[in-house]
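Just so you know, these numbers use all the heavy atoms, side chains as well, and skip hydrogens, waters and symmetry mates.
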Amino acid sequence: MRIAPLAPPYSADVQTQFDQLPPSWQPPFQHFAVLARDPRLLRAYRQGSVAYLDPSHLSLRQREVFLLRVTGRCRNAFEWCLRVHYFADEAGVNENQLRASVFGNADDACWETGDRVLVRLADELHDSVSISDALWAEARKAFSEEAMLQLILLAGHYRTNAYVSAGLQVPVDPRVKRPFPTE
């Protein structure tokens, strides 16, 4: 890892922020501990994610299909593995879909009809940092304007997550048992 995580004991501010993370994320994942070197960065990062917005404009499956594709396209092994570990089963994402989230495309037979627009949206945002008029029209048939805003913010946040995780060479958390797929 290129920057060492902050070691305990933590300041009151950092500990308060860590205490707001889900219990299953304790001790905090390393990327949180690295960002905690400056509590302002940790706070901005944590508050920038709309993944766990409650109530969400997306179903759990929609969120996870989209984020698996976003993190898969970014080759963000750290985050992809966490998503699989914590959410894939509950979201009903199967083994073929997990592999396709990294190496497939929206036309793969494994995707459900409703998944395909999410995969195309993740791909188009990744490739062009935009959404074509045709894809926008298709996505708007399935998602509200608020859901579209949430999807765009999710893509941006998890792209940032990829920069942090890959740029700092944060290893996959040892609590995670599923490896990132290789071809």
If you round to the nearest 0.5 Å, how far is [atom2] of [Y] from [atom1] of [X]?
{"X": "Q30", "Y": "D173", "atom1": "CD", "atom2": "CG", "value": "7.0 Å"}
{"X": "L118", "Y": "L58", "atom1": "CG", "atom2": "CG", "value": "7.5 Å"}
{"X": "D115", "Y": "R69", "atom1": "CG", "atom2": "CZ", "value": "12.0 Å"}
{"X": "E64", "Y": "L98", "atom1": "CD", "atom2": "CG", "value": "10.5 Å"}
{"X": "L68", "Y": "F66", "atom1": "CG", "atom2": "CZ", "value": "11.5 Å"}
{"X": "L168", "Y": "I3", "atom1": "CG", "atom2": "CD1", "value": "5.0 Å"}

The side-chain contact (heavy atoms from CB on, under 4.5 Å) partner of E124 among L135, V129, V119 is L135
Can you spot which of V176, T71, V172 makes a side-chain contact (heavy atoms from CB on, under 4.5 Å) with W80?
-> T71
Testing the basics here: between [X] and [Y], what is the closest heavy-atom pair and its distance to 0.1 Å?
{"X": "C81", "Y": "P179", "value": "SG-C, 3.9 Å"}
{"X": "G167", "Y": "R2", "value": "O-NH1, 2.8 Å"}
{"X": "A36", "Y": "L6", "value": "O-CD2, 3.5 Å"}
{"X": "R140", "Y": "E145", "value": "NH1-N, 3.2 Å"}
{"X": "D108", "Y": "A100", "value": "OD2-CB, 3.6 Å"}
{"X": "V102", "Y": "P181", "value": "CG2-CG, 3.6 Å"}

Identify whether L121 and L53 are in the same connected component of the hydrophobic contact network (ILVMFWY, side-chain heavy atoms under 4.5 Å).
-> no
Indicate whether any N or O donor in one side chain lies under 3.5 Å from an N or O acceptor in the other, for N76 and N161.
-> yes
Enumerate, atom names and distances included, each donor-acceptor pair closer than 3.5 Å involving a side-chain atom of residues 11-24, sequence neighbours excluded.
unit_1	atom_1	unit_2	atom_2	d
S11	OG	V14	N	3.2
D13	OD1	Q17	NE2	3.3
D13	OD1	R43	NH2	2.6
D13	OD2	R43	NH2	2.7
Q15	NE2	D19	OD1	2.8
T16	OG1	A12	O	2.8
Q17	OE1	R43	N	3.1
Q17	OE1	R46	NH1	3.0
Q17	NE2	P39	O	3.3
Q20	OE1	R46	NH2	2.4

All ring-ring contact (aromatic ring centres under 6.0 Å, His included) counterparts of F78, not counting sequence neighbours = H31
Check whether any side-chain heavy atom of [X] sits under 4.5 Å from a side-chain heavy atom of [Y], and report yes or no.
{"X": "S49", "Y": "Q47", "result": "no"}
{"X": "W111", "Y": "V65", "result": "yes"}
{"X": "R73", "Y": "D127", "result": "yes"}

Residues [X], [Y]: salt bridge by 4.0 Å N-O rule:
{"X": "R178", "Y": "E95", "answer": "yes"}
{"X": "D107", "Y": "R116", "answer": "no"}
{"X": "R61", "Y": "E90", "answer": "no"}

Within the side chain of Q97, is there an N or O that forms a donor-acceptor pair under 3.5 Å with the backbone of C110?
-> yes
Would you find a donor on one side and an acceptor on the other, under 3.5 Å apart, between the side chain of Q169 and the backbone of A166?
-> no
Centre of F87's six-membered ring, under 6.0 Å away, within 45 degrees of the axis: is that where NZ or CZ of R63 sits?
-> yes
D133 atom CG, over 12 foreign heavy atoms within 6.0 Å | no
Cut-off 3.5 Å, no hydrogens considered: what does the side-chain donor-acceptor table look like for residues 149-160, sequence neighbours left out?
unit_1	atom_1	unit_2	atom_2	d
Q150	OE1	S56	OG	3.4
Q150	OE1	H57	N	3.0
Q150	NE2	V50	O	3.1
Q150	NE2	S56	OG	3.1
Y158	OH	R83	NH1	3.3
R159	NE	Y163	OH	3.3
R159	NH1	H126	ND1	2.9
T160	OG1	G156	O	3.1

Answer yes if the ring centres of Y52 and W25 are under 6.0 angstrom apart, and no otherwise.
-> yes
